[in-house]
Amino acid sequence: MTPEKTTIGSLSMVRIPVPDTSLHLTGILQSTNHASRRLGIICHGVLGHKNYLFQPTLANMLAPFMDTFRFDFRGNGDSEGQMGYSNWDDDQADIDAVILHFERQGFQVYALIGHSRGAISILNYAATSNHVPLIPYIVSISSRFDMTDVKRKHGPEIMSLLETQGHFDWEARAAGKDVSLRVTKQDFEDFIQFNTAAVANIPAMTNVLLCHGSEDAVVPVKDIAELQHHISHANTTLRIITNADHNYKLHYNELSQTVSQYFSTEGRKAEWTRQILPTWKTWVHAVGGVLNFRNVGNTWITSKTDETVSYLRPGIIYRCADISKPTSEGIKVLESLNITDVFDLRSNSETERRGTFENDKIKRHHTPVFSDVDYSPTQIALRFTMYLGGTEGFCEAYMSMLPNIRQFFPPILNHIVEKRTPFIVHCTAGKDRTGVVCALLQMICGVDEEQIAWEYELTRRCLPIKEEDVNFLKAAIGGESSEAQVRGVLSTHEDYMFRFLEEFHAKYGTIHDFLINELDMTMEQIHTVRDALVTKIPVPRAVL
């Protein structure tokens, strides 16, 4: 199959020196000048090369999401050196050389993508290199796990040659030329003894996509199941390409679309949602009499400033809707979670009308965002017509909370630093004021803003819109607004949070700038808050 007719971005041939050798590797950088400087490195299989099989198609389909570099391992294609059958250390050194080269140019190595032998090598690199910063994504395409199965692949005749003459010559045609690789008995033994089980050491915060063809006669489909089992601690996704063989003949586009979809915004959100939903389903009905209850945490954070990763610990920050009327069983759950404090963001009129949470063991703090304004969802349209303006309206409404930051945020920060116990933040629906407070806390911790927006949007799942509220608002507003606008007031969408965060940065700068300028905090105080909420891990290993 030929490469895509229209290349997205520019193609540049790049030669990269391998440290401590005289060798140079050759590859193609496909760039669309992404501001993020994210780079995906594509590694071919044995006897392959940078334009082998589906690689140009894949690079083209990934172009909207990242730049890519596909290169020839030493001795392959246009790279210098001698290829080998079991030279795993050479593969690691080549990958390391490529990563070093591009990191020095300011790229973030965002993904390692490998096919067949290249997949084995990138998985091994992720498991053993201790590379810092963490490489967020690993894409393994048709990787072998049971190395001894290669005996079946080569067949009894080749196995006999190894025994009788001590080697066999593996011949193929690659990059338009005949290629021959002599494999000795020692090479073969080294190959089948390679420790693929080391993938169990891949850092737990790594995102791994495993792809395999259903008709792969070279590497059995069962190998991908073994791989998935050994890396079940990581964020692993499995995709089987129906009717595809080991080299994906006639399936280049399908494979490439599968991988590119995984990296799209929709794909990454779908994976995040899939991972978080089991936890969400546990929490959302956990506390009787309380809606929209959930934990904010269990999030990996890669540091951009030091050689650590951090973990936003679960079981510290909880959020919910009005908590004034929990059931007796609900109170038992709150106590069993060791929650000691509740921060009520509602206005005076809301607390007077709906009541407040009272419990001998859990202390309530009234920290209203707007003291004298009814800010419940069913009153928002009456008090703040800006919410009817969709994304821009929500952004304006959320920004209007920040001038009152001294009124509602410091007590929460003081609790985090001084008491360091689990706490709840809530308003009436647990979506707007609570959403802003939780966003600020996650920003302090360095959580990726995509995940902040996706977590905010979970309210759509946790708090179904009541028809009585829709009808109430429609009647209160009159005929000027559509039903879609009314439902929008009662809902959450990631775009609302993304737009708020964009405007926040435009007006205040970073979260650090905001806290320093608006709350007179020092960087030391900000770090103290962060350190109370996250666990720092100096080496990104699977076993924490």
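This one's a predicted model, so the numbers in the text were calculated from it and none came from an experiment.
- Taking the ring centroids of His101 and Phe69, they lie at or beyond the 6.0 Å cut-off.
- With Ser264 contributing its side chain and Gln261 its backbone, the two residues share a donor-acceptor pair below 3.5 Å.
- For the residue pair Gln55 / Asn51, no side-chain donor-acceptor distance below 3.5 Å is found, with atom types taken as modelled.
- Classification of the Trp170-Tyr85 ring pair by plane angle, with boundaries at 30° and 60°, yields perpendicular.
- Residues Phe500 and Phe394 place their aromatic rings such that the two centres sit no closer than 6.0 Å.
- Taking the six-membered ring where tryptophan is involved, the planes of Phe188 and His154 are tilted, since the angle between them lies from 30° to 60°.
- Taking the six-membered ring where tryptophan is involved, the planes of Tyr398 and Tyr456 are perpendicular, since the angle between them exceeds 60° and thus also 30°.
- Of the possible polar contacts, one joining the Thr32 side chain to the Ala63 backbone as a donor-acceptor pair under 3.5 Å is found.
- Using bins of under 30°, 30° to 60° and over 60° for the plane-to-plane angle, the ring pair Trp272/Trp454 lands in the tilted bin.
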Criterion side chain to side chain contact (heavy atoms under 4.5 Å, CB included) on Met497 and Glu455, from CA distance to verdict
CA-CA 10 Å; Met497 181 55 65; Glu455 195 284 329; over 6 Å; no
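- Ring pair His115/Tyr52: centre-to-centre distance not below 6.0 Å.
- Partner Thr459 forms a side chain to side chain donor-acceptor pair (under 3.5 Å) with one of Asn292, Thr492, Thr434 and no other, that one being Asn292.
- Not less than 6.0 angstrom separates the ring centroid of Phe65 from the ring centroid of Tyr110.
- For the 3.5 Å distance criterion, the side chains of Glu215 and His251 fail to qualify, holding no donor opposite an acceptor.
- Distance alone, capped at 3.5 Å, places no donor-acceptor pair between the Thr236 side chain and the Gln228 backbone.
- Between the side chains of Asp91 and Ser121, at least one donor N or O sits under 3.5 Å from an acceptor N or O.
- Remark: Asp187 does not engage Arg182 in a salt bridge, criterion side-chain N to carboxylate O under 4.0 Å.
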